[in-house]
Amino acid sequence: QAVILAAGVGSRLADVFGDAPKCFAPVAGKPILQHSLSSFRKNDVENIVIVRGHKGEVFSDRADELGAGVTLVDNSQYQTSDMLQSFIESMDHWGDSFYAAYSDIVFPDRVLSKLADAEGDVCVVVDRDFRRVRGAVPSEFEGVVTNGDGVVTRMGKGFGQDATGEFVGLAKFSPRAKSVLRDTLSKLTQEYANEPDKLFCGRPWRQAVLCDLLQYVSDEGLLQVNEVSVFGSWREVDSGADLATANDTMGFLNNQAASQAHIKAMGAAMLSEANDLKRPTEVMAAELGVDHDLIRAFIDGEVEAGTAHDLIRQVSENYPVGLGSLLVETDDTEAGVVYFSGADSEATSRVLSRADRHGERTPYYEYRDSAMSRLGPFRPEWIKELRLVNDNDPNNPDVAYNNGHFMLQTTFFIGPVNFYYELNGERHCFEANTGDSNFISPFVPHSFTTRSETEDAIIIAVTFGGTVRNALDSFGRVGAEKISALSGNSRDNSGYESLLNRRMTAECLTTDEMQVKLEARGINAGRAAELANGAQPSTEELQQLADTLYVKPADLSVVPLEAHQEVVTTVRDESTFRPYGSSYSLAALSRTPHQPDMKTFDLRVNAMDTPGESMEVGLHQFLYNYSDAPVTMTWGEEGQTRSRVLAPGDSGYISPLVRHSYHSTDGNEGALFVVRIPGAFTQEVLGEFATYQPSGRHRVGAENVR
């Protein structure tokens, strides 16, 4: 059972919330009281007593919102009394054991779960991080002092500077505590019946609060009060400023599991760095000057986001650890999927102008966003071509080429689109139609126009970062010119020569020393000299070079970049569709061997009443419904599946290794443009991970060993 004390007037909140009971003020889109009721019910508490006073009729009027199992009890003295009187009014409704909660606090379910698991006759939730949460300690602050072993020795108002924590307003009482409290309150109410202004624990009896009662039974040796510590993750709402702060910091209440998983992932990253720095967590806590229990709470995902970020900054400032190694992106997906409707896309519409043949800036593109996630490396755009041309001349003065861009790009064409690009000073034009596609390497100047006054010409342009994007910080520090000398050029043999030179330099081998080592392996002097200077090796020679440099043969392999691979165009009419299971057929779109994990498809979805075969791929995926038929996407594991209808013009993002399927239910075949790319899960990453001991792999990204 639970008792919620909700009789107060809440005058400090009236300016922003009016005269209603303050427990109905909204936090994260719901009344404070609804959050508490929900949390109790999730923790198997079905019988809840609400002690009302000010505007008590509001509780009756909103009884349907409160739900089943709620009993309303009146505190007729609410105008002249404080919290303890409301607690007394609830006595006849106490269960064998019960919770008590203030009505003006918001907290996540895990705080109540932690209280439920605590042992002892009286357990109170105490915020040990209250100074960080509160900033300035208010005069009405209910402080707590413990003996260091979790036993409360002092609690109440008026000693904030000496407090080791703040009473949150949430407590649990055992059957023994219930009996002791009933006897104690019966005695005290008789003692103070005719003297309500007589002092009790330093204040008039009529103004006594729950803390005063707990201090009294502790001092009298009747009950031991035990601390259940938390570190933030709750808020009291007593004023307009409090309400604003609660809404700023407690928005996660509507998605608690994802929020805790996010904090826990950052805590795991910090623990991993602590292990690498050979700092046990207690040593790191001492060096940072923070409570060791705060560090442990962070690792368990039991602090709020602001506290997590503060700790991360402290770690980065005190140790040679970059913020990027500690920060973890917030998951903005719905169980691994982002859905973006055509209407959402249209709402982002913006028109960009370019100069025409007369030098006048006229509309050139209409841009609209498509499905994106901060977890995925895609930047997809729906782009309508607005510049009309009457020929396929790549030098048409109405065609405005860009300067190329850093991102890789694959494009799907819908309608009569002209695609222009420039390579080695020569311009080209590709006349595209629906179903055609391309791949564009970084920094290749290009453009798109329409060939029709009446038919829409649209491209779905999916730009994305490759592995170089993940190294931007290092490029910025070292400089692209130096790195260019290090990498060579895949368009000629300098790519291989630079790779060999990198391997030799890493081994501190000069060309002459490399030649000597190759000769020792039985290669004649002349050929050894050629190989040491970058001549292309045979298969056998490649193995000898690799053995000399202690690398794999693949580590000395460079695939030349052919001219036709910098820009790739694919025509649908030349593509072959093949069955994929019994539910789909697909055709490969533009590809390049230099992005081996980039896969693009024209995926046809058969008309059927139930989901097709499931797919699960270790790549990030973008998809766009370019057909006239709605396609239903289903995803998730068995028993936890979700579905979305992708109407024509809708798009989606799917995280790696999310099981999903499609089906079309209106009797017509659906058609999706699908792009798959690796993101961080490159072949190099997976190859290294494959060498890790299986027994420890679960710790990668989720360190839990201290």
Side-chain angles (χ1 to χ4, degrees), residues 2-25 31-33 36 48-62 70-94 98 100-105 124 138-143 155-160 166-171 173 181-217 219 236-240 242-243:
V3 173
I4 299 177
L5 308 176
V9 175
S11 58
R12 286 185 287 269
L13 198 58
D15 288 347
V16 296
F17 186 59
D19 199 30
K22 60 181 176 179
C23 60
F24 289 102
I32 295 169
L33 183 57
S36 297
I48 301 170
V49 175
I50 299 176
V51 183
R52 62 183 176 174
H54 174 68
K55 292 288 181 179
E57 68 277 7
V58 174
F59 294 88
S60 298
D61 295 341
R62 302 178 69 163
V70 172
T71 301
L72 299 177
V73 174
D74 293 311
N75 175 6
S76 60
Q77 303 177 51
Y78 73 90
Q79 290 180 310
T80 58
S81 65
D82 211 312
M83 203 76 73
L84 184 56
Q85 184 60 41
S86 291
F87 190 64
I88 292 170
E89 299 290 352
S90 73
M91 271 202 304
D92 291 341
H93 302 274
W94 291 353
F98 66 99
Y102 293 173
S103 67
D104 59 354
I105 58 172
V124 296
S139 59
E140 294 298 298
F141 166 87
E142 293 186 326
M155 66 187 302
K157 299 181 179 181
F159 61 98
E166 176 180 5
F167 177 49
V168 165
L170 195 56
F173 303 99
L181 290 175
R182 286 181 69 91
D183 292 345
T184 301
L185 286 172
S186 296
K187 183 190 75 170
L188 290 173
T189 52
Q190 290 180 11
E191 179 182 343
Y192 288 93
N194 298 316
E195 297 181 279
D197 292 320
K198 181 180 176 181
L199 293 182
F200 174 71
C201 292
R203 74 183 69 252
W205 169 257
R206 73 168 78 240
Q207 296 175 10
V209 295
L210 182 59
C211 281
D212 297 328
L213 175 63
L214 298 182
Q215 182 70 62
Y216 177 83
V217 296
D219 289 345
E236 177 189 27
V237 180
D238 193 49
S239 66
D242 290 343
L243 182 61

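Not measured: the values here are computed from a predicted model.
- Annotation for Asp61: atom CG counts as buried by contact number, over 12 foreign heavy atoms lying within 6.0 Å.
- Separation of atoms CE (Met155) and CG (Leu210) is listed at 7.0 Å; rounding is to 0.5 Å.
- Judged as a ring-ring contact (aromatic ring centres under 6.0 Å, His included), and not counting sequence neighbours, Tyr78 has no contacts.
- Evaluation of the ring-ring contact (aromatic ring centres under 6.0 Å, His included) rule for Tyr216 yields Phe200 as partners, not counting sequence neighbours.
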Would you give me the side-chain donor-acceptor pairs under 3.5 Å for residues 7-19, sequence neighbours excluded?
{"unit_1": "Arg12", "atom_1": "NE", "unit_2": "Asp238", "atom_2": "OD2", "d": "2.6"}
{"unit_1": "Arg12", "atom_1": "NH2", "unit_2": "Asp238", "atom_2": "OD2", "d": "2.6"}
{"unit_1": "Asp19", "atom_1": "OD1", "unit_2": "His54", "atom_2": "NE2", "d": "3.2"}

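- Distance CG/Leu185 to CG/Leu213: 5.0 Å, rounded to 0.5 Å.
- The aromatic rings of Tyr102 and Phe167 sit perpendicular, their planes meeting at an angle over 60°, well past the 30° parallel limit.
- From Leu5, atom CG reaches atom CD of Gln85 across 11.0 Å, with rounding to the nearest 0.5 Å.
- In this structure, the separation between SG on Cys201 and CG on Asp219 is 6.5 Å, given to the nearest 0.5 Å.
- With a 4.5 Å cut-off on side-chain heavy atoms, Val49 and Phe98 do not count as touching.
- Of all heavy-atom pairs spanning Gly143 and Phe141, the tightest one is CA-CE2, 3.2 Å.
- Across all non-hydrogen atoms, the minimal contact from Ile32 to Ile105 is CG2-O, 3.3 Å.
- A heavy-atom distance below 4.5 Å is found between the side chains of Trp205 and Leu84.
- Taking the side chain as every heavy atom from C-beta outward, Ser239 and Asp242 approach each other to under 4.5 Å.
- Qualifying salt bridge (charged side-chain N to carboxylate O under 4.0 Å, His left out) partners for Asp183, counting only residues two or more places apart in sequence or in other chains: none.
- Arg182 places a side-chain heavy atom less than 4.5 Å from the side chain of Met91.
- Counting only residues at least two apart or in different chains, salt bridge (Lys or Arg N to Asp or Glu O under 4.0 Å) contacts with residues 71-94 comprise Arg52-Asp74.
- What you find for Ser103 and Cys23 is that their closest heavy atoms are O-CB, 3.4 Å.
- Side-chain contact check for Leu199 versus Pro204: some heavy-atom pair is nearer than 4.5 Å.
- By the 4.5 Å heavy-atom criterion applied to side chains, Ser90 and Val73 are not counted as neighbours.
- A salt bridge (Lys or Arg N to Asp or Glu O under 4.0 Å) check over residues 188-205, counting only residues at least two apart or in different chains, returns the pairs Glu191-Lys198, Asp197-Arg206, Arg203-Asp212.
- Separating the NZ atom in Lys157 from the CD atom in Gln207 is a distance of 9.0 Å, to the nearest 0.5 Å.
- In this structure, the separation between CG on Asn75 and OG on Ser81 is 4.5 Å, given to the nearest 0.5 Å.
- By the 4.5 Å heavy-atom criterion applied to side chains, Ile50 and Leu33 are counted as neighbours.
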